[in-house]
Number of protein chains: 2
Amino acid sequence: MKHSAEQHLIRHGVHPTAMRLLVLEYLLDNRTAASLGQLEREFYRSDKATLYRTLKTFEKKGLIHGVNVGGTTVYLLCRENCSAEGHFDVHPHFFCTVCARTICLPQAKMPLFELPEDFDIQEINLILKGRCDECAD
Amino acid sequence: MKHSAEQHLIRHGVHPTAMRLLVLEYLLDNRTAASLGQLEREFYRSDKATLYRTLKTFEKKGLIHGVNVGGTTVYLLCRENCSAEGHFDVHPHFFCTVCARTICLPQAKMPLFELPEDFDIQEINLILKGRCDECAD
DNA sequence: TTATCCCCTGCAACCTGGTTGCAAAGTCAG
DNA sequence: CTGACTTTGCAACCAGGTTGCAGGGGATAA
């Protein structure tokens, strides 16, 4: 456990401090997206700024990616093909309006768009909202 | 001018006050999305809360719809098929990273998704980011 | 016309999420 | 052990969004 998280940090060039290990392990365990606010609540002993900077460091080094869902940014673990050079796992995300979890949908393909005129698309942001499998009635 | 905006308000059951006419005309003229902040800057004599409530009223009555693009909500005029009963013009939006305008793309079809398990999709949020036709090099 | 009521507006305050400066504490190499 | 660099915690700040409250203005009933 500890080891794998630590290795993960080192592999991405992030100095493995106690704080960072805790946050990374939380993300690994939870397997769902976490917002700054969630981390604040989870690690109420530590400071918002530290958590914020931890997330920013992780994002910059390619461990996690942020998704803006309805005003707040949630962070999810990246798959293997991401690094400090860039995030390459572009895929839709699903936000459950019941349990408020955000889930990656890497299996769902991003749609291709041909816009009529000379629009230059650099980024696609696709969020599906509804009930997840666990919250469906 | 005045008449059409006024009619538009009345048709949607919104009492046409001076404030509301100004905001609606601004939206009609600009033909691009406006955020609360933009309106605040444009109508610096009036209050944020009033502008906020104006937008909310318009949205509730089906005149405009809000799109969350990277943290802030921008509002765009609805097409004909919206009303207080609901917003039915679901379509992608394009956000230009150069001029920061948000544009409706009603001509682009929303993709259909079949999610593997019993996910219940209620809403699709699709935002394309890049350079618009006017800002392309 | 006057009194009444309701809706609209402006002011102020507040909350949340995000962000930065600064100084203390910790880490590590020489 | 010392000095340099990194990480952390505290505080403060900012923007966007939101609400309560009181005053004003217009429509309506008496």
Side-chain angles (χ1 to χ4, degrees), chain A residues 5-6 8-10 12-26 33-61 63-76 84 95 100-102 125 127, chain B residues 2 5-6 8-10 12-26 33-61 63-76 84 95 100 102 125 127:
Chain A
E6 200 167 336
H8 198 56
L9 287 177
I10 295 169
H12 284 84
V14 180
H15 195 73
T17 66
M19 185 80 262
R20 288 169 179 172
L21 279 169
L22 283 174
V23 173
L24 179 56
E25 275 165 22
Y26 176 77
S35 65
L36 179 58
Q38 264 173 273
L39 289 180
E40 248 180 292
R41 261 165 268 132
E42 182 73 19
F43 302 102
Y44 58 93
R45 321 169 138 266
S46 37
D47 191 68
K48 181 167 66 159
T50 305
L51 293 168
Y52 170 74
R53 282 188 270 240
T54 300
L55 288 173
K56 284 296 173 188
T57 302
F58 284 6
E59 190 178 33
K60 194 167 26 161
K61 294 307 179 75
L63 279 90
I64 60 177
H65 60 274
V67 181
N68 196 298
V69 38
T72 61
T73 306
V74 296
Y75 295 89
L76 303 111
F95 176 76
R101 286 192 305 153
T102 303
N125 216 300
I127 298 179
Chain B
K2 283 248 160 54
E6 201 166 335
H8 199 55
L9 287 178
I10 295 168
H12 284 85
V14 180
H15 196 72
T17 67
M19 186 79 262
R20 290 169 177 174
L21 278 169
L22 283 173
V23 173
L24 179 56
E25 275 165 21
Y26 176 77
S35 64
L36 179 58
Q38 264 172 276
L39 288 180
E40 247 180 291
R41 263 164 264 131
E42 181 74 18
F43 302 102
Y44 58 92
R45 322 169 138 267
S46 36
D47 191 68
K48 184 167 62 157
T50 305
L51 293 168
Y52 170 75
R53 283 189 267 239
T54 300
L55 288 173
K56 284 294 173 190
T57 302
F58 283 8
E59 190 179 33
K60 193 166 27 159
K61 294 306 179 80
L63 280 90
I64 61 178
H65 59 275
V67 181
N68 196 298
V69 39
T72 61
T73 306
V74 296
Y75 294 89
L76 302 110
F95 176 76
T102 302
N125 216 299
I127 297 179

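Naming convention: chains lettered A, B, ... in sequence-line order (proteins, then strands); numbering from 1 in each chain. None of the values given here were measured: they were computed from a predicted structure.
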Selection from D:dT8, D:dA11, C:dG17 that lies nearest to any side-chain heavy atom of A:Thr54:
D:dT8
At 4.0 Å (heavy atoms only), tell me whether B:Thr73 reaches a base, stays on the sugar-phosphate, or touches nothing.
sugar-phosphate
Rounded to the nearest Å, what distance is computed from the CG atom of residue A:Leu21 to the C1' atom of nucleotide D:dT8?
15 Å
To the nearest Å, how far apart are B:Tyr44 OH and C:dT9 P?
19 Å
Report the distance from atom CZ of A:Phe58 to atom P of D:dT7, rounded to the nearest whole Å.
11 Å
When the distance from CD of A:Glu40 to C1' of C:dT19 is rounded to whole Å, what number comes out?
12 Å
At less than 3.5 Å, do the side-chain atoms of B:Arg53 and the base atoms of C:dG10 form a donor-acceptor pair?
yes
Would one find a side-chain N or O of A:His15 under 4.0 angstrom from OP1 or OP2 of C:dC28?
yes
State whether the side chain of A:Arg20 and the backbone N or O of A:Leu9 hold a donor-acceptor pair below 3.5 Å, judged by distance alone.
no
In terms of the nearest nucleotide of DNA chain D, which residue is placed more toward the 5' end: A:Arg20 or B:Asp47?
A:Arg20
Whole-Å distance, A:Arg45 CZ to D:dC10 C1', equals 17 Å
For the pair A:Lys61 (side chain) and A:Gly13 (backbone), establish whether a donor and an acceptor sit closer than 3.5 Å, ignoring hydrogens and angles.
yes
CG of B:Asn68 versus C1' of C:dT16: gap in Å, rounded?
14 Å
Any base atoms under 4.0 Å from A:Ser35, or only sugar-phosphate, or nothing? Heavy atoms, all strands.
nothing
Figure out the NZ/C1' separation between B:Lys56 and C:dC8, and round it to whole Å.
18 Å
State, to 0.1 Å, how close B:Phe95 and B:Ala100 come at their nearest heavy-atom pair, and which atoms those are.
CE1-O, 3.6 Å
Heavy atoms under 4.0 Å, any strand shown: does B:Thr17 hit a base, just sugar-phosphate, or nothing?
sugar-phosphate
Would you say B:Tyr52 places a side-chain N or O within less than 4.0 Å of OP1 or OP2 belonging to D:dT18?
yes
To the nearest Å, how far apart are B:Leu36 CG and C:dG10 C1'?
15 Å
Looking across every strand, which nucleic acid part, if any, lies under 4.0 Å from A:Thr72 by heavy atom: base, sugar-phosphate, or nothing?
sugar-phosphate
Under the criterion side-chain contact (heavy atoms from CB on, under 4.5 Å), I'd like the reasoning laid out for B:Thr73 against B:Leu36: C-alpha separation, chi angles, the key distance, then a yes or no.
CA-CA 8 Å; B:Thr73 306; B:Leu36 179 58; over 6 Å; no
Looking at D:dG9, does its base get a donor-acceptor pair with the side chain of A:Lys48 below 3.5 Å?
no
Check for a donor-acceptor pair, side chain of A:Gln38 on one end and backbone N or O of A:Ser35 on the other, with a separation under 3.5 Å.
yes
